[in-house]
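This report refers to the structure that appears directly beneath it.
This chain uses plain numbering: 1 for the first residue, then up along the sequence.
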Amino acid sequence: WGAKSTPSSMGMAWGAKSTPSSMGMGWGGMSSGASAWGAGGMGMGMGMSSAASPWGKVGGWGASTGGFGVPATQFAGYGMGSMAQQQAMMAQAQAQGPAIPSQYNVFKYGDERDALIMKLNQMQAMWGKGHFFLTMQPDPSNWNAHQPVPQPCEENVFKTFCYNVLTTNEDSEGRIGLKINLPLEQVQQKEQEYQRLLQQMVFQQDFPGHTVKVSTLSPLQDGTTELIFSLVEDRTSRAVSATTVTDYLKSQYLMLQTATPQAKQHAQQTQQVMQKIGCLTEVDPQTRGFKTLGFYALVALSKDKLADQQKRPPPGVDAITWEQAKRSNPDPAKFFPCVVFGFDGLKRRVEVQEEQQKRQEHRLRGAGDKSIAQTIVQLQNSEVKIKMKIDELSRGHVQLAGRIMKVMHANCMQEQLSAQELQELRSKLESIQLELQNPGEFSGKLNDLRARVAMQDSSDEPRTRAAVVATPSEDSLRTLMQHLEMQQAGLKHLMSVVEDDLHHLSIMERGLLGSEQAPLPR
């Protein structure tokens, strides 16, 4: 492995160049290192190398120790040394190379092998894989005290920064996100079940008349799935605000002791449903705060909140690297830096981006009425129909404008005719006014009429007397009486007509006398 060994051995070392005694493995020949199985034949020696090692001078594989019954030449084997000797060895190992963080300390063998395991722990932390061996007791059989290496580690060199788009949703849109610890394929299969559980078991009691509507399912960077839903009122089709829904869900986890038994039972039921869905939320019983929050409101952050979130670096990132990532942000108003650890994380990041690209392509050109391409076609068809309707209405407008012009012309002509009629009536009234100003003419006519009536009466009187003397018959008297009654009725009617005319003339006279002071209307 990058080592140089003698022709009679297989040299293996963690250094750039090893001496012939680095690690001798002889296959049928004599190894230059001390063999673990004897002086000759197939042998393997293990110990300290004198070559330069990337982990310092301590470490490597060499031929300076024995094993499995062969006395060691430099240190006691397999933890048989004293604690004082072990500490001295560790101090010497630390002095020979760079300091190792204390969290990687191992006290198992009491010799240089502990320092080698410490270097192995640090190396695994740098690449973010493997298991830490953190045995704190000098017991070779105690190997169960190890833990997986976490990728979010400041020493992990396999990490990079990507930038996520910040949400621009308003609180009134009511978009709530659930982080479900399942892959996207499983969540898609259970989408209807999750929607039913949220509707019936979580929100139905305190939000009657509302419906849970799932809008989006998308994969996340860590292999989980984000489910986005909203709580919509059936009557108005208006979504409940996102902060209202998240505050309600938080209250189900922070239920007070003074709450009613029914409320406590519903809170417990809500927690069980969220756990069944895969949305994990943990509460610290001492601080009454959330250790892990699996639901959140998708609301645009203010500048102050965004700056506050960027003050502290995420786990596994040092402050200097975090500041560099913030300075490299292409658009701080639109993007937020996020760290990706290891090749697996980078692969998931690519897969998430590919999935998002497929979703966008499906949204753009996919089948169904919800695709943007289909929506554009529908809008184009609607545009053609609207243009046709506009042309039809324009023609109707022109027709109505012509009719209005005809009506206006007829109205003008009618106004002209009315002016002529008013002029004629005015001339008639003026002539009547002139006649009324000379009342002697009417008096003469009345006197003439009276004389004629008197002459008629005087001419009829001798005939009546002659008739009386002649003793007419009853039929003649009856006819005569009827004739006289008719004449009397006619005279009365004539008198009433004359009186009415005189009354009207007096009214007209008063009106004309009053109009002399004001000019007649034109």
Side-chain angles (χ1 to χ4, degrees), residues 101-105 121 125 128 131-132 134-137 144-156 167 171 176-182 194 197-198 201-203 205-207 220-229 231 240-299 301-302 304-319 322 336-339 341:
S102 60
Q103 64 265 27
Y104 305 134
N105 289 342
N121 287 341
H131 286 78
F132 286 148
L134 303 175
T135 303
M136 304 302 293
Q137 299 178 0
N144 55 1
H146 59 272
Q147 61 184 8
V149 175
Q151 282 191 344
C153 176
E154 292 186 3
E155 297 183 7
N156 190 345
T167 181
D171 188 23
I176 301 96
L178 295 182
K179 184 179 180 181
I180 301 177
N181 295 324
L182 291 174
Y194 292 165
L197 290 174
L198 292 173
M201 308 297 290
V202 178
F203 296 107
Q205 178 174 343
D206 295 324
F207 291 90
L220 297 178
Q221 177 68 33
D222 55 357
T224 59
T225 304
E226 182 184 46
L227 184 147
I228 300 176
F229 73 95
L231 189 62
V240 182
S241 64
T243 54
T244 301
V245 177
T246 52
D247 291 343
Y248 171 77
L249 292 176
K250 289 179 182 179
S251 66
Q252 300 303 305
Y253 286 89
L254 302 176
M255 187 62 64
L256 299 176
Q257 299 294 331
T258 57
T260 61
Q262 183 179 2
K264 292 181 179 179
Q265 182 179 0
H266 183 261
Q268 185 177 3
Q269 176 181 327
T270 301
Q271 296 177 18
Q272 293 175 356
V273 169
M274 299 296 281
Q275 185 176 3
K276 182 179 179 179
I277 291 176
C279 180
L280 301 181
T281 300
E282 296 179 358
V283 180
D284 190 350
Q286 297 180 355
T287 61
R288 302 294 294 172
F290 288 94
K291 293 181 179 179
T292 305
L293 193 61
F295 51 88
Y296 40 87
L298 295 175
V299 180
L301 297 176
S302 62
D304 295 336
K305 290 184 179 180
L306 188 61
D308 184 66
Q309 287 191 1
Q310 295 185 10
K311 286 182 180 178
R312 297 175 296 277
V317 179
D318 58 279
W322 180 244
F336 188 87
C338 63
V339 62
F341 289 95

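- Atom-to-atom distance recorded for Lys250:NZ and Thr243:OG1 is 9.5 Å, nearest 0.5 angstrom.
- Not counting sequence neighbours, the partners of Ser241 by the side-chain hydrogen bond (donor to acceptor under 3.5 Å, both in side chains) test are Thr244.
- Once rounded to the nearest 0.5 Å, the distance linking OG1 of Thr167 with CG of Leu301 reads 8.5 Å.
- With sequence neighbours left out, the side-chain hydrogen bond (donor to acceptor under 3.5 Å, both in side chains) criterion links Asp206 to Tyr248.
- Not counting sequence neighbours, the partners of Asp318 by the side-chain hydrogen bond (donor to acceptor under 3.5 Å, both in side chains) test are Thr321.
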Anything under 3.5 Å between a donor and an acceptor, one on a side chain of residues 268-278, the other on a protein residue two or more places apart or in another chain? List them.
| from | atom 1 | to | atom 2 | distance (Å) |
| --- | --- | --- | --- | --- |
| Gln269 | NE2 | Met201 | O | 3.1 |
| Thr270 | OG1 | His266 | O | 2.9 |
| Gln271 | NE2 | Gln252 | O | 2.9 |

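- Among residues two or more places apart in sequence or in another chain, the side chain to side chain contact (heavy atoms under 4.5 Å, CB included) test is passed with Gln286 by Asp284.
- Residue pairs satisfying the side-chain hydrogen bond (donor to acceptor under 3.5 Å, both in side chains) criterion with at least one member in residues 304-315, sequence neighbours excluded, are absent.
- Residues Thr246 and Ile176 have side chains in contact (heavy-atom distance under 4.5 Å, counting atoms from C-beta outward).
- To the nearest 0.5 Å, atom CD1 of residue Ile228 and atom CG of residue Leu178 are 9.5 Å apart.
- For Met255 against Ala267, the heavy-atom pair with the smallest separation is CE-CB, 3.6 Å.
- Partners of Asp222 under the salt bridge (Lys or Arg N to Asp or Glu O under 4.0 Å) rule, at least two apart in sequence or in another chain, are Lys179.
- Thr292 is linked by a side chain to side chain contact (heavy atoms under 4.5 Å, CB included) to Glu282, counting only residues two or more places apart in sequence or in another chain.
- A donor-acceptor pair is defined here as one N or O able to donate and one able to accept, closer than 3.5 Å; such a pair exists between the side chain of Thr225 and the backbone of Leu182.
- Partners of Thr281 according to the side chain to side chain contact (heavy atoms under 4.5 Å, CB included) rule, which considers only residues two or more places apart in sequence or in another chain, are Tyr253, Cys279, Phe290, Leu293, Phe295.
- In this structure, Phe341 and Gln221 have side chains that are not in contact, with every pair of non-hydrogen atoms separated by 4.5 Å or more.
- Side-chain contact between Leu231 and Phe207: present, with at least one pair of heavy atoms (C-beta onward) separated by less than 4.5 Å.
- When the side chain to side chain contact (heavy atoms under 4.5 Å, CB included) test is applied to Val299, the partners found at least two apart in sequence or on another chain are Asp171, Ala242, Ala297.
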Apply side-chain contact (heavy atoms from CB on, under 4.5 Å) to Leu254 and Arg288, showing your working. CA-CA 7 Å; Leu254 302 176; Arg288 302 294 294 172; 3.9 Å; yes
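- Residues Ile180 and Thr224 form no side-chain contact, since every pair of their non-hydrogen atoms from C-beta on lies 4.5 Å or further apart.
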